[in-house]
**Student:** 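Below are the structure tokens for one structure; questions will follow.
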Amino acid sequence: MGLEKILGDGVLATRVSALVNWARQNALWPMPFGTACCAIEMMATLSSRFDMSRFGSEVIRFSPRQADLMIVSGRISIKMMPVLLKIWEQMPEPKWCISMGACASSGGVFDTYTLIQGVDQFIPVDVYIPGCPPRPENLIDGVRKIQEIVSKEKISDTKHGS
Amino acid sequence: MKSSDPVVTRFKERFGDEILSVEEFRGQVAISVKSARVLDILRALRDDAECPFDMLADLTAVDYLRLDHPERFAVVYQLYSLLRNERIRIKAYVGEARCEIESAQALWGDANWLEREVWDLYGIRFLNHPDLRRILMPDNYTGHPLRKDYPLKGRGERSNFPKYTVEEPS
Ligand code: SF4
């Protein structure tokens, strides 16, 4: 944020980052990248029965420019990968990524010529959710994990810079 | 339909030299032909007076690599007669060296995309096709992945992408 140059790493900076993290972690705006069956589970998670809004991340944004959490839920084929890369690049920092399901994380059972064997080869993934498909509870757990990650960030961190 | 059906008999009389075999299995007739005059054959079936096969229900291909067949590939036409509620299957054999066949696009419009799919996945070229581009695989893809000798895991296409990187703010 550039604040660390002025504030240093002292008490004030810590309090500012605690405030910023608190705001960020309870208002994650997901960008749903649902390409297959896992997306159905993601929709269930968002709707009333499982209700992701209890954790402050129900505002699904179909424009990557307004989102800060990418949920890759489904198979990514070699034709889709450039699209995923472009959308990830369009999301403003700071941003986080959940790789939901076996396919997004490792290719799953589709060990074929056309399927990306894990999106983490090309974009940085923060949380992996196992399962085929993962239950909505698993996705909620994944979002909670993201919130934990967010709460530990310092204002001097540059996300995904390394 | 039986293989003794008058349509099949008429067809045999007219294209006797082209026919490789006529099979009947559970009330379905499949006729294997050579590919050189396939367009005449299909047109004759489509314009048959009694039983016009006026609908191309599907067009696909089979790779018979290392199997005992006249040629390596067969382009399969599934025809349907709306008038008589009958189906017939035409298999046109295509060799590996000259991997091409006439396009059926002029007879049935839906052959257009189906032939693009066959070209994309099997590499069988359709002559006189108006727009023979890939339809499923990305445009820059090389190779035809449904051929039996194409490696299942591909030739590295799936790991051929740039990794997302960020420049550190200086
Ligand atoms: S992990 Fe299972 S449910 Fe999810 S996209 Fe793959 S096949 Fe579908």
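Quick note on labels: first sequence line is chain A, next is B, and so on, each numbered from 1.
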**Student:** Residue by residue, scan residues 139-147 of chain A and write down, ordered by number, those that have a heavy-atom distance under 4.5 Å to chain B; if none do, write 'none'.
**Tutor:** none
**Student:** May I ask you to test the B/Lys91-B/Val76 pair for a side-chain heavy-atom distance under 4.5 Å?
**Tutor:** yes
**Student:** Taking the side chain as every heavy atom from C-beta outward, state whether A/Cys38 and A/Pro134 have any pair of such atoms under 4.5 Å apart.
**Tutor:** yes
**Student:** Is there a donor-acceptor contact under 3.5 Å linking the side chains of A/Ser99 and A/Ser105?
**Tutor:** yes
**Student:** Given the ring of A/Phe110, does A/Arg75 sit roughly above its face, with NZ or CZ under 6.0 Å from the centre of the six-membered ring and within 45° of the axis?
**Tutor:** yes
**Student:** Measuring only between side-chain heavy atoms, which start at C-beta, is B/Arg147 closer than 4.5 Å to B/Phe73?
**Tutor:** yes
**Student:** Could you tell me whether the side chain of B/Asp63 reaches within less than 4.5 Å of the side chain of B/His144, counting heavy atoms only?
**Tutor:** no
**Student:** Using a strict 4.0 Å threshold on nitrogen-to-oxygen distance, state whether B/Arg158 and A/Asp111 make a salt bridge.
**Tutor:** yes
**Student:** With only heavy atoms counted, which part of A/Ile78 is less than 4.5 Å from chain B, the side chain, the backbone, both or neither?
**Tutor:** both
**Student:** Does a donor on one side chain and an acceptor on the other come within less than 3.5 Å for B/Asp54 and B/Tyr80?
**Tutor:** no
**Student:** Taking only heavy atoms into account, what residues of residues 104-143 of chain B are found under 4.5 Å from chain A?
**Tutor:** B/Ile135, B/Leu136, B/Met137, B/Pro138, B/Tyr141
**Student:** For the hydrophobic clusters of this structure (ILVMFWY residues joined by side-chain heavy atoms under 4.5 Å, transitively), does one cluster hold both B/Val22 and B/Ile90?
**Tutor:** yes
**Student:** Can you tell whether the side chains of B/Arg14 and B/Asp48 come within less than 4.0 Å, N to carboxylate O?
**Tutor:** no
